[in-house]
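In what follows, a single structure is set out as structure tokens and then discussed.
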Protein chains: 4
Amino acid sequence: MSAAIRIIASQGLGAATAAIAQEAGVSNGSLFTYFETKADLFNQLYLELKAETAAAALDGLPAGSDIRKQTFHMWSQWLRWATSYPEKRRTLAHLSVSDDITPESRQAGHQTMAGIAKLLERSRENGPMRDVPLGFVVALMNALADATIDFTINDPANAHKHSMTAFDALWRMLA
Amino acid sequence: MSAAIRIIASQGLGAATAAIAQEAGVSNGSLFTYFETKADLFNQLYLELKAETAAAALDGLPAGSDIRKQTFHMWSQWLRWATSYPEKRRTLAHLSVSDDITPESRQAGHQTMAGIAKLLERSRENGPMRDVPLGFVVALMNALADATIDFTINDPANAHKHSMTAFDALWRMLA
Amino acid sequence: MSAAIRIIASQGLGAATAAIAQEAGVSNGSLFTYFETKADLFNQLYLELKAETAAAALDGLPAGSDIRKQTFHMWSQWLRWATSYPEKRRTLAHLSVSDDITPESRQAGHQTMAGIAKLLERSRENGPMRDVPLGFVVALMNALADATIDFTINDPANAHKHSMTAFDALWRMLA
Amino acid sequence: MSAAIRIIASQGLGAATAAIAQEAGVSNGSLFTYFETKADLFNQLYLELKAETAAAALDGLPAGSDIRKQTFHMWSQWLRWATSYPEKRRTLAHLSVSDDITPESRQAGHQTMAGIAKLLERSRENGPMRDVPLGFVVALMNALADATIDFTINDPANAHKHSMTAFDALWRMLA
DNA sequence: CATGAATGAGGCTTCATTCAT
DNA sequence: CATGAATGAAGCCTCATTCAT
């Protein structure tokens, strides 16, 4: 899996399965002992990375703090994770737009973000987006996070500043 | 070109050049009379669609109105275009993440959005994002627009409502 | 024709007919007004170059001189021509090994060298090769000439010396 | 490899890789398991045939005999090999003029003939070509051998006679 | 007679997947 | 369970040749 992350990050989804196997130090045939199909590998990888993203974002959540602090913590963790593991983030970005990811996987991927969604639910509950479908709110936050990460990757020196800027913007949207 | 849009929208960038040629009603070889390379076709298509998006967004801009109205007009037009031509939008989305699009094309694509950027510039000039790099602001708006379009495509009945919801959110971010 | 020489010399027989047409300053289609086929062009070119080689070799032949002087003159002229027009010589070399050259063309090409063969006939008439089939003698001389030209092209500074060396060797063979 | 020899001998270097694979009884894809590229196959084949030629020419060299006898042995063996394996000879002839053969391969091919060059070195050491660059002498001998082989292939009944004739000529050149 | 767009067969190469060892 | 050679379908692109203008 980690071999796949490295290869996909650098070569994209068109990377040969043989290249992934080689990076993993196994024979090309062995890869298919663990994954029925290249698409199967993609789906498993997608779920793993989704889960890791979510776990990272929620890691060490200050349960006692107010909702803004909690959400900001989540936001910061997320961005830190994405910029700390650019290959994972890049690979996940590739996978997210692939036709090989099944609707089931996407569905499961969204489940993974339930914890994050819950934070948003509380964040917006008294704000102007209180009546907007939660899925839409999540999608908008996701989009802001992705854009911020992309921008930060090209200007890592100001990672913290960009993170704050975008979070403030998010909060104005929500609350 | 329009054949390519249809095919790429339905089959993705992995579509065979032969399929595009067939859809266009010409022989596979003929395609290479017009485009040196599959990647060349992608780049030209990317620029065309980028330009069309921008043109649609700025079409009929009410020059005399206040900045919020102008920006809202732009936003509405953009979303209308994207939902009216889902294939173009889908194809542009595919192209935007392709490794075949050269940095030059991306650069040119950004130029295309100069008019939109100018509106944002004025929108945020007295707001909380007044000191944020304009490129970042553009990226955030772009992300919101894309997410809104995606959401709308799955729920077209509420297109207008989603558009307003997202615009209000954008405006809270900016002004 | 001269365009074909330049193109074939630099790109080999695999050169596209379109490239030849372009070099000649005509449209690709026009080429086929003059030559039925690419192979037809090759055959005509082959004959032209063969004829030019022979003509060059026999140009200014000192009819009154003894046979050694005449043969040496022919030899020198041949080598001078080949090194003066390396593209023609290179193209002829390519054509000579092509499967597109018909047996008829080869036959005709040999006819072209009748004058040279006649010189050889007289050169060897009292020598050790007096009973060898003339075709064989011609082939051997041809081989020596080609090898000398190749060697000279890589060391043009000593063109004259190599020419003399090889002619002396030829003469020892023949007379 | 032997399949390639047969196919190239009959169809030239333009032969499809698929044809070679079929002749070898493997799938077209398999060919590329063994050779990265068609050009790679050509280069390996070139080296193999060059080596085989040289080995055949020097096989059973009568080390104790005088230099003329040794050289004649080499010459005879060479011609015997070439006329015994006309396909190999034809293929090598094709390859020798191909642009796909790298300078490295040509260099290596020349190395292969070091043993033959050594014989020539000794053959000419007291003769009229004693001061000629050895590379030139080798080239001339090569040319004579090739021409003799070509002539012999069209008149195999007199193979021995042609071989003797040409060797005598060679010897007059050298010694 | 010139033009150059159109044709479509054919070539080289890649790669996911299989399977005998 | 690991291996890695074998498979063959599929894709991109080239190019000699044709033909309507």
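Naming: A, B, ... by sequence-line order, numbering from 1 per chain. What you see is a predicted model, and the numbers here were worked out from it, not measured in a lab.
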Treating D:Thr91 as the side-chain partner and D:Ile5 as the backbone partner, does any N or O pair qualify as donor plus acceptor under 3.5 Å?
yes

Look only at the side chain of C:Ser98 and the backbone of C:Asp100, and say whether a donor-acceptor pair between them is shorter than 3.5 Å.
yes

Between [X] ([atom1]) and [N] ([atom2]), how many Å, whole number?
{"X": "C:Phe42", "N": "F:dA16", "atom1": "CZ", "atom2": "P", "value": "8 Å"}
{"X": "C:Gln22", "N": "E:dT3", "atom1": "CD", "atom2": "P", "value": "13 Å"}
{"X": "C:Ile20", "N": "F:dC15", "atom1": "CD1", "atom2": "C1'", "value": "12 Å"}
{"X": "A:Glu36", "N": "F:dC1", "atom1": "CD", "atom2": "P", "value": "13 Å"}
{"X": "D:Leu41", "N": "E:dG11", "atom1": "CG", "atom2": "P", "value": "16 Å"}
{"X": "C:Lys38", "N": "F:dC15", "atom1": "NZ", "atom2": "C1'", "value": "8 Å"}
{"X": "D:Asn28", "N": "E:dC12", "atom1": "CG", "atom2": "C1'", "value": "10 Å"}
{"X": "C:Ile7", "N": "F:dA16", "atom1": "CD1", "atom2": "P", "value": "12 Å"}

Verify side chain to side chain donor-acceptor pair (under 3.5 Å) between C:Thr102 and C:Ser105, making sure each step is shown before the conclusion.
CA-CA 5 Å; C:Thr102 64; C:Ser105 292; 3.1 Å; yes

Is there a side-chain polar atom (N or O) of [X] under 4.0 Å from OP1 or OP2 of [N]?
{"X": "A:Ser27", "N": "F:dT3", "answer": "yes"}
{"X": "C:Tyr34", "N": "E:dC1", "answer": "no"}
{"X": "C:Thr17", "N": "F:dA16", "answer": "yes"}
{"X": "D:Ser30", "N": "F:dT7", "answer": "yes"}
{"X": "A:Thr33", "N": "F:dA2", "answer": "yes"}

Considering only side-chain heavy atoms of A:Thr37, which listed nucleotide, F:dT17, E:dT17, F:dC13, is closest?
E:dT17

For the side chain of C:Phe32, starting at C-beta, report the closest nucleotide among F:dT18, F:dT3, F:dC15.
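Among the listed nucleotides, the one closest to the side chain of C:Phe32 is F:dT18.
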
The test is side-chain contact (heavy atoms from CB on, under 4.5 Å); show your working for A:Arg89 and A:Tyr85 and say whether it passes.
CA-CA 6 Å; A:Arg89 139 79 188 178; A:Tyr85 302 100; 6.0 Å; no

Which sits closer to the 5' end of DNA chain F, A:Gly29 or D:Leu31, going by the nucleotide each is nearest to?
A:Gly29

Identify, between C:Leu13 and D:Val26, the residue whose nearest nucleotide on DNA chain F lies closer to the 5' end.
D:Val26

Check the pair C:Ile20, C:Leu41 against side-chain contact (heavy atoms from CB on, under 4.5 Å), reporting the backbone distance first and the verdict last.
CA-CA 11 Å; C:Ile20 296 171; C:Leu41 164 61; 4.1 Å; yes

Mind checking A:Ala15 for me? I need base, sugar-phosphate or nothing, with any heavy atom below 4.0 Å counting as a touch.
sugar-phosphate

Nucleotide opposite E:dC1 in a Watson-Crick or G-U pair, distances under 3.5 Å
none

Look through every strand shown and name the nucleotide pairing with E:dT17 as Watson-Crick or G-U wobble, where both distances are under 3.5 Å.
F:dA6

Start at the 5' end of DNA chain E and walk down; is the nucleotide closest to A:Ala16 or to D:Ala16 reached first?
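Of the two residues, D:Ala16 wins.
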
Nearest-nucleotide 5' precedence on DNA chain E, D:Gly14 against B:Gly25:
B:Gly25

Pair C:Lys88, C:Leu92 - check side-chain contact (heavy atoms from CB on, under 4.5 Å), show working.
CA-CA 6 Å; C:Lys88 290 182 176 179; C:Leu92 183 53; over 6 Å; no

